[in-house]
Amino acid sequence: MKRLIWTISTAFFALLTTIFALTFIKRLNFNYNSEGIYFDDKLMTTYQQQAIGVYGIFTLLTFGITIFSCYLLIRNFKQPKL
């Protein structure tokens, strides 16, 4: 049962890491104006430059949790079944 839980949690955190990383990279490539705002004509949405740091922190945090979860998953698979 532990193996299933660690497998699901590792996959979940890997998915979160991917989503945050892609959003972080996408936001880095926007051409912000001097006030730190990017306006998307197609979606009629504005993006603020301050969010880049938040997405970077979320990416690093979820990446660390994913690595830790992978470690626990591998350690659990190496243990013999009882």
Side-chain angles (χ1 to χ4, degrees):
M1 186 67 175
K2 283 185 181 181
R3 292 179 182 183
L4 178 64
I5 292 171
W6 286 119
T7 304
I8 292 171
S9 68
T10 302
F12 174 73
F13 285 118
L15 178 67
L16 273 181
T17 302
T18 304
I19 290 170
F20 282 129
L22 290 175
T23 305
F24 175 67
I25 292 170
K26 182 180 176 184
R27 294 275 181 111
L28 274 177
N29 293 327
F30 286 162
N31 292 323
Y32 295 97
N33 62 10
S34 61
E35 294 151 356
I37 297 174
Y38 171 76
F39 180 70
D40 189 1
D41 294 339
K42 296 175 186 169
L43 297 176
M44 300 297 286
T45 307
T46 58
Y47 299 98
Q48 294 188 356
Q49 193 173 10
Q50 293 87 356
I52 294 174
V54 175
Y55 282 112
I57 290 170
F58 284 164
T59 301
L60 290 176
L61 184 69
T62 54
F63 181 70
I65 294 171
T66 303
I67 295 298
F68 182 68
S69 182
C70 282
Y71 166 74
L72 292 176
L73 178 67
I74 292 170
R75 190 180 79 178
N76 199 333
F77 268 102
K78 286 185 178 182
Q79 290 179 351
K81 281 189 174 182
L82 296 176

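Nothing fancy with the numbering, it's 1 onward along the sequence.
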| task | Check side chain to side chain donor-acceptor pair (under 3.5 Å) between Ser69 and all other residues, then give those that pass, not counting sequence neighbours. | result | Ser9, Thr10
| said: Between Phe12 and Phe58, is there shared hydrophobic-cluster membership here, with clusters defined by ILVMFWY side-chain heavy atoms closer than 4.5 Å? | reply: yes
| request: Give the cluster check for Ile67 versus Leu15: same hydrophobic cluster or not, with ILVMFWY residues linked at side-chain heavy-atom distances below 4.5 Å. | output: no
| Got a sec, which hydrophobics cluster with Leu72, joining ILVMFWY side chains under 4.5 Å apart, including via others? | Trp6, Phe68, Tyr71, Leu73, Phe77
| Contacts of type side-chain contact (heavy atoms from CB on, under 4.5 Å), residue Leu43, not counting sequence neighbours | Asp40, Thr45, Tyr47
| request: Please say whether more than 12 non-hydrogen atoms of neighbouring residues, nucleotides or ligands are located less than 6.0 Å from OH in Tyr38. | output: yes
| Applying the 4.5 Å side-chain criterion to the ILVMFWY set and letting contacts propagate, would Phe63 and Ile57 be lumped into a single cluster? | no
Would you be so kind as to tabulate the donor-acceptor pairs closer than 3.5 Å made by side chains of residues 18-34, with sequence neighbours excluded?
unit_1: Thr18; atom_1: OG1; unit_2: Ala14; atom_2: O; d: 2.8
unit_1: Thr23; atom_1: OG1; unit_2: Ile19; atom_2: O; d: 2.8
unit_1: Asn29; atom_1: ND2; unit_2: Ile25; atom_2: O; d: 3.2
unit_1: Tyr32; atom_1: OH; unit_2: Arg27; atom_2: O; d: 3.0
unit_1: Asn33; atom_1: OD1; unit_2: Glu35; atom_2: N; d: 3.1
unit_1: Asn33; atom_1: OD1; unit_2: Gly36; atom_2: N; d: 3.1
unit_1: Asn33; atom_1: OD1; unit_2: Ile37; atom_2: N; d: 2.9

| request: Sequence neighbours left out, what passes side chain to side chain donor-acceptor pair (under 3.5 Å) with Thr17? Give chain and number order. | output: Thr62, Thr66
